[in-house]
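Note that ligands are numbered from 1 as they come in the structure, with each ligand's atoms numbered from 1 the same way.
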Amino acid sequence: MDIDIVSVFPEYFDVLKLSLLGKAQDNGLVRIAAHNLRDWTHDVHHSVDDTPVGGGAGMVMKPEVWGECLDELLGVKPGGEGSDDVAGATADANDTVLIFPNPSAPLFTQRDAAELSHAGRLVFGCGRYEGYDARIPEYYRARGVDVREYSIGDYVLNGGEVAVSVMLEAITRLLPGFMGNPESIVEESYTGGNALLEYHQYTKPALWRTVAVPDILLGGDHGKVYRFRRDEALERTSAIRPDLIQALDCKQLDKADRKTLMALGWDVSQAHPRRAA
Ligand code: SAM
């Protein structure tokens, strides 16, 4: 997978050379290039922002500089003023997704990460200040580029760099060959069709200070261990993320799942669980 990141702080992404993502780059599984947006400016101050049209506090990232940068990275021929010419989009744009982190966009989820792990190329644009001019995503969408805007949570960061790092890590760890043991990404929180939060994990020793690992995990009965973990996942999800329980497809629940959910106060007689009256 090819990844380009545009930021006014490209050095922020030096940390991506660490750990599994560093190894994936060494192995050629992922190529990451961080670009400085200011390299596409022409004025002596290398300015990338201007005051908001219509008034208000702060500064907004200028479309011209982003336009020159993204035209080059995406291979899109610039359309003229008022132009709706879509012929400029590159042939390989089908395989490319342009992503802008934005706190006022839909939430980035594991499902998005899984979908984006199939893209050939990702181009991330990091916003700063009050954000980027809204015409930038609009313009590239109109030119046939697959443009996404995502929030990573209901809070506001100073810039898109942290958000890009979060998305990038969630996406790349799903690439075949990325994890040493591919099994480790199969049974995780938010993963799969009927996604739940994961059960609690323990390692040795069986007794640490005053706290013991649940006995059932030590008994070696795989069926019982599965049921114990599954029930714990259902209980934790019901308590912490009831919205995920409400999204479950009841047809995919087994008899024991239904019994556990009913004991937790859910009605599982319809297509999706709902709180029992
Ligand atoms: N004025 C914007 C608002 O109120 O929605 C906030 C702009 S924020 C200070 C600057 C940049 O940080 C954004 O353009 C975006 O790239 C990034 N950012 C901040 N919070 C984010 C979040 N929760 N998710 C994704 N990106 C975020």
For atom 14 (O) of ligand 1, which protein heavy atom lies nearest, and how many Å away is it? Gly131 CA, 3.4 Å
Ionic contact status for Arg148 with Asp146, cut-off 4.0 Å: yes
Under a plain distance cut-off of 3.5 Å, with no hydrogens placed, do Asp231 and Tyr199 share a side-chain donor-acceptor pair? no
In this structure, atom 10 (C) of ligand 1 is nearest to the protein heavy atom Tyr129 O, 3.3 Å
Glu130 N/O under 3.5 Å from ligand 1 N/O: yes
At less than 4.0 angstrom from any non-hydrogen atom of Tyr150, what atoms of ligand 1 do you find? 25 (C)
In the protein, what heavy atom is nearest to atom 23 (N) of ligand 1, and what distance, to one decimal place, separates them? Tyr155 O, 2.8 Å
If you look at every heavy atom in Gly127 and Met61, which pair is closest and at what distance? CA-SD, 3.7 Å
Asp112 and Thr109: CA distance, side-chain angles, deciding distance, side-chain hydrogen bond (donor to acceptor under 3.5 Å, both in side chains) verdict: CA-CA 5 Å; Asp112 298 307; Thr109 66; 3.1 Å; yes
Basic-acidic side-chain contact under 4.0 Å: Glu161, Arg128: yes
Hey, is Asp267 close enough to Arg258 for a salt bridge, meaning N to O under 4.0 Å? no
Looking at side-chain heavy atoms only, is the closest gap between Val30 and Asp2 below 4.5 Å? no
Within less than 4.0 angstrom of ligand 1, does Phe108 place any heavy atom? no
Lys/Arg N to Asp/Glu carboxylate O, Lys17 vs Asp26, below 4.0 Å: no
Charged N to carboxylate O below 4.0 Å: is that the case for Arg141 and Glu149? yes
Any atoms of ligand 1 less than 4.0 Å from a non-hydrogen atom of Ser151? List them with their elements. 23 (N), 24 (N), 25 (C)
Output the list of atoms in ligand 1 that are nearer than 4.0 Å to some heavy atom of Ala163, sorted by atom number. 25 (C), 26 (N)
When you check the gap from the basic side-chain N to the acidic O, do Arg121 and Asp95 get nearer than 4.0 Å? no
Protein heavy-atom partner closest to atom 20 (N) of ligand 1 - residue, atom, separation in Å: Leu157 N, 2.9 Å
So, are Asp254 and Arg227 salt-bridged, with charged N and O less than 4.0 Å apart? yes
So, regarding Ser104 and ligand 1 (criterion: nitrogen or oxygen to nitrogen or oxygen, under 3.5 Å), is there a contact or not? no
For the pair Glu68 and Lys62, find out whether any cationic side-chain nitrogen is under 4.0 Å from an anionic carboxylate oxygen. no
Which part of Asn158 is near ligand 1, with near meaning a heavy atom under 4.0 Å away: side chain, backbone, both or neither? backbone
With atoms numbered from 1 as shown, which atoms in ligand 1 lie under 4.0 angstrom from a non-hydrogen atom of Gly160? 12 (O), 16 (O), 17 (C)
Check: Gly127 N/O within less than 3.5 Å of ligand 1 N/O: yes
Just to be sure I read this right, does ligand 1 sit under 4.0 Å from the backbone of Phe100, its side chain, both, or neither, counting only heavy atoms? neither
To check your reading of the model: name the closest protein heavy atom to atom 4 (O) of ligand 1, its residue, and the distance in Å. Val156 CG2, 4.7 Å
heavy-atom search around atom 25 (C) of ligand 1 in the protein gives Asn102 N, 3.4 Å
Does ligand 1 come near enough to Ile152 that some N or O of the ligand is less than 3.5 Å from an N or O of the residue? yes
If you compare Pro101, Gly56, Ser7 by their heavy atoms, the one closest to atom 16 (O) of ligand 1 turns out to be Pro101
Just go through Pro103, Cys126, Gly58 and tell me whose heavy atom is the nearest to atom 5 (O) of ligand 1. Pro103
